[in-house]
**Student:** 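Pasting a structure below so you can have a look.
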Amino acid sequence: MPPQTRRSSFPKVVIERDTESEESSSEDEAVEEEEEQEEANVVVPEETIEAEASELKKKGKTPITITLKKVCKVCKKTGHEAGFRGATYIDCPMKPCFLCKMPGHTTMTCPHRVATEYGIVPAPRKNTTTSLEFVFQRQLQPRLPPIKPAYVIPDQVHCAVIRYHSRRVACLEFHPTNNNILLSGDKKGQLGIWDFGKVHEKTIYGNIHNCILNNMKFNPTNGGSIYAASSDGTISCTDLETGISLSLMNLNPNGWEGPSRWRMLYGLDVNSDKSVVLVADNFGYLYMADMRSNNIISKPTLIHKKGTKVVGLNCNPLQPDLLLSCGNDHFARIWDMRRLEAGSSLYNLEHKRVVSSAYFSPQSGSKILTTSLDNRIRVWDSIFGNLDYPSREIVHSHDFNRYLTAFRAEWDPKDSSESLVVIGRYISENYDGAALHPIDFINISTGQLVAEVMDPNITTISPVNKLHPREDILASGSSRSLFIWRPKKLSNIAQPREEKRILLCGEASKKHTKKHDHNSDDDSDNDIFRGKDKGPKQKKLPLKSSSYSSRKSR
DNA sequence: AAAGAATGAGACC
DNA sequence: TGGTCTCCCTTCTT
């Protein structure tokens, strides 16, 4: 994508400013520039030192001569500098490229920075056609549309809840039937239920889990309840109306027995055909619970390297016997549910680092999409083809350091061609002086970056993203906040002004959550990104994106 | 405003 | 296998 397009105009967002921060933006800029220069000056001019030295001599003191050279903040070596300069990050040339992990160039000059395309490896097709493949092709073929429709990208913030959760968002899920309900789980184990159609209707259930809610999935037979897996070692089944929760499994019945004994649940999926909830823990084991009796069925099965975290489970949408798992042993593995035992996986898909997510394609179930910490999204075009190598590897920045929820490339469930994918970006880009982390839409058939979506008011990284199963809506979780994005054109024409709302919740969110009656005829647009509780973040927001404070150099 | 903390993978021994 | 160090393009609180 050419750099000009990055400077596209941002949607106009009204932000209420406090009187003390009412200074002119030009002044802000001046101050900022000065600060930036200071930051960039790691070198103390030698004249200064000399002047000080001569002064000391006059006073009769022995001068200490210190020669300061340019020191890199990253590798501590001299001769070059690295780190943030304003909103632009300068890579340390001594290290391999931060983006594609290859030596010889920096992120700035990385060829993948412009075209997110990497080593297109065509999947060698199997010559023999199995009977399973034949049936599958027959079922699938009529459903493929002859002409692929253009992608509709939700690229404008429609509404948001700022600081809704008390810790970072870990997972998101749309309601299977109610189009306006978004569920969110956070690091503290809280479950959020937000009706973004009414915006102010939001609930937080805080007593279901007591640490990170890693994954959740609706009960396919009952849209009113949701299963969740948590690092507290339990599976919960929660009734959304009442908030009453039932614990299906507790892997730590004796409580805390040290970190090496504490079991945490990460991956979760529901197999409706078999009426089973599947979960996986941080020691490599898979567990199953019957959805009708809520009883644990079968013994735990070792499905990944012993002692490693299994972060993702996914059941094939068409083949109830196929299961996909991924984890910290650098593998995604395909299993036959009828033959689940340690080492009996059908295929092992190798990765260079941790696999944060692995999903079958949502409609045909014949493609596989994985996200790995080696900054690559991998695609297998057909589970019936050769699975030895991925069909494509797409370089994309999602290798995070710490403190963030793992990035997961998510399918667009509406895309019948099964090629549109959304994923948040870790690395920042300088957009009119602001360091922003876009949310990327990628065509996984070509590796092309279809769209990069961002808002000048969202300065935090958005690792959690989910596309709506029926509407052109993107939900994203960024730190403790949730955002609903809609296509720009649609939101300009079809939506009445008062519907655009951004709420600030803060710590006091629990007080006025459910059935918070808000008069929608009031100061409409003023609510956007403002926050009545005057959160510190909102205070700092300047009006113009050009004067937007760049990220601090560290 | 600067410092601290929370916290996870990987390398190395 | 387990302890320890390093990474140091986060985010929030004090």
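Letters go in sequence order (proteins before strands), and every chain restarts at 1. What you see is a predicted model, and the numbers here were worked out from it, not measured in a lab.
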**Student:** Determine the contact category for F98(A): base if any of its heavy atoms lies under 4.0 Å from a base atom, sugar-phosphate if only primed atoms, P, OP1 or OP2 are that close, otherwise nothing.
**Tutor:** base
**Student:** Measure NE2/H437(A) against C1'/dT10(C) and give the value in whole Å, please.
**Tutor:** 8 Å
**Student:** Answer with base, sugar-phosphate or nothing: what part of the nucleic acid does K309(A) contact at a heavy-atom distance below 4.0 Å?
**Tutor:** sugar-phosphate
**Student:** Whole angstroms only, please: what is the CD1-P distance between I427(A) and dT10(C)?
**Tutor:** 11 Å
**Student:** Nucleotide by nucleotide, 5' to 3', does protein get under 4.0 Å of the base (B), only the sugar-phosphate (S), or neither (-) in nucleotides 2-7 of chain C, counting heavy atoms?
**Tutor:** -----B
**Student:** Would you mind reading off the distance between Y426(A) atom OH and dC8(C) atom P, rounded to a whole angstrom?
**Tutor:** 9 Å
**Student:** Using the test ring pair (Phe, Tyr, Trp, His ring centres under 6.0 Å), find all partners of W262(A) that sit at least two apart in sequence or belong to another chain.
**Tutor:** W256(A)
**Student:** What is the distance, rounded to the nearest whole Å, between atom CZ of R163(A) and atom P of dT10(C)?
**Tutor:** 19 Å
**Student:** Using every non-hydrogen atom in the two residues, find where V355(A) and T370(A) come nearest and quote the distance to one decimal.
**Tutor:** CG1-CB, 4.0 Å
**Student:** Please determine if a side-chain N or O atom of R480(A) lies less than 4.0 Å away from the OP1 or OP2 oxygen of dT13(C).
**Tutor:** yes
**Student:** Side-chain N or O of R85(A) versus OP1/OP2 of dC9(C): is the shortest distance under 4.0 Å?
**Tutor:** no
**Student:** In whole Å, I'd like the distance from the CZ atom of F283(A) to the C1' atom of dT1(C).
**Tutor:** 13 Å
**Student:** Going by the rule side chain to side chain donor-acceptor pair (under 3.5 Å), which residues pair with T234(A) if we only count those two or more places apart in sequence or in a different chain?
**Tutor:** H209(A), D232(A)
**Student:** Phosphate oxygens OP1/OP2 of dC12(C): is one of them under 4.0 Å from a side-chain N or O of S479(A)?
**Tutor:** yes
**Student:** Using whole Å, what does the distance between atom P of nucleotide dT7(B) and atom CZ of F400(A) come to?
**Tutor:** 14 Å
**Student:** Mind checking whether Y426(A) and F407(A) have parallel, tilted or perpendicular rings, split at 30° and 60°?
**Tutor:** perpendicular
**Student:** Does dG10(B) have its OP1 or OP2 closer than 4.0 Å to a side-chain nitrogen or oxygen of H330(A)?
**Tutor:** yes
**Student:** Test of understanding: with side chain to side chain donor-acceptor pair (under 3.5 Å), list the residues that count as partners of T88(A), not counting sequence neighbours.
**Tutor:** N430(A)
**Student:** Would you tabulate the pairs of protein nitrogen or oxygen atoms and nucleotide nitrogen or oxygen atoms of nucleotides 11-13 of chain B closer than 3.5 angstrom?
**Tutor:**
none

**Student:** Going by the rule side chain to side chain donor-acceptor pair (under 3.5 Å), which residues pair with S356(A) if we only count those two or more places apart in sequence or in a different chain?
**Tutor:** none
**Student:** Tell me, please, which residues at least two apart from W411(A) pass side chain to side chain donor-acceptor pair (under 3.5 Å).
**Tutor:** none
**Student:** Between dC9(C), dG10(B), dC12(C), which nucleotide has the shortest distance from any of its atoms to the side chain of R353(A)?
**Tutor:** dG10(B)
**Student:** Under 4.0 Å between any heavy atoms, over every strand shown, what does S397(A) touch: base, sugar-phosphate, or nothing? Just pick one.
**Tutor:** nothing
**Student:** Mind calculating the distance between CG (L373(A)) and C1' (dG8(B)) to the nearest angstrom?
**Tutor:** 10 Å
**Student:** Please determine whether a side-chain nitrogen of the Lys or Arg among R353(A) and D399(A) lies less than 4.0 Å from a carboxylate oxygen of the Asp or Glu.
**Tutor:** yes
**Student:** From dT7(B), dT11(C), dC9(C), pick the nucleotide closest to the side chain of K187(A)?
**Tutor:** dT7(B)
**Student:** Sequence neighbours excluded, which residues qualify as side-chain contact (heavy atoms from CB on, under 4.5 Å) partners of T107(A)?
**Tutor:** D91(A), C97(A), F98(A), L99(A), R113(A), I427(A)
**Student:** Looking only at atom P, what distance separates dT7(B) and dT14(C), rounded to whole Å?
**Tutor:** 15 Å
**Student:** Using the test ring pair (Phe, Tyr, Trp, His ring centres under 6.0 Å), find all partners of H351(A) that sit at least two apart in sequence or belong to another chain.
**Tutor:** W380(A)
**Student:** By nearest nucleotide on DNA chain C, pick out whichever of K306(A) and T107(A) is the more 5' one.
**Tutor:** K306(A)
**Student:** Under 4.0 angstrom, heavy atoms only, what part of the nucleic acid is D91(A) near: base, sugar-phosphate, or nothing?
**Tutor:** base
**Student:** For the pair made of CG in D186(A) and P in dA6(B), what is the distance, rounded to whole Å?
**Tutor:** 17 Å
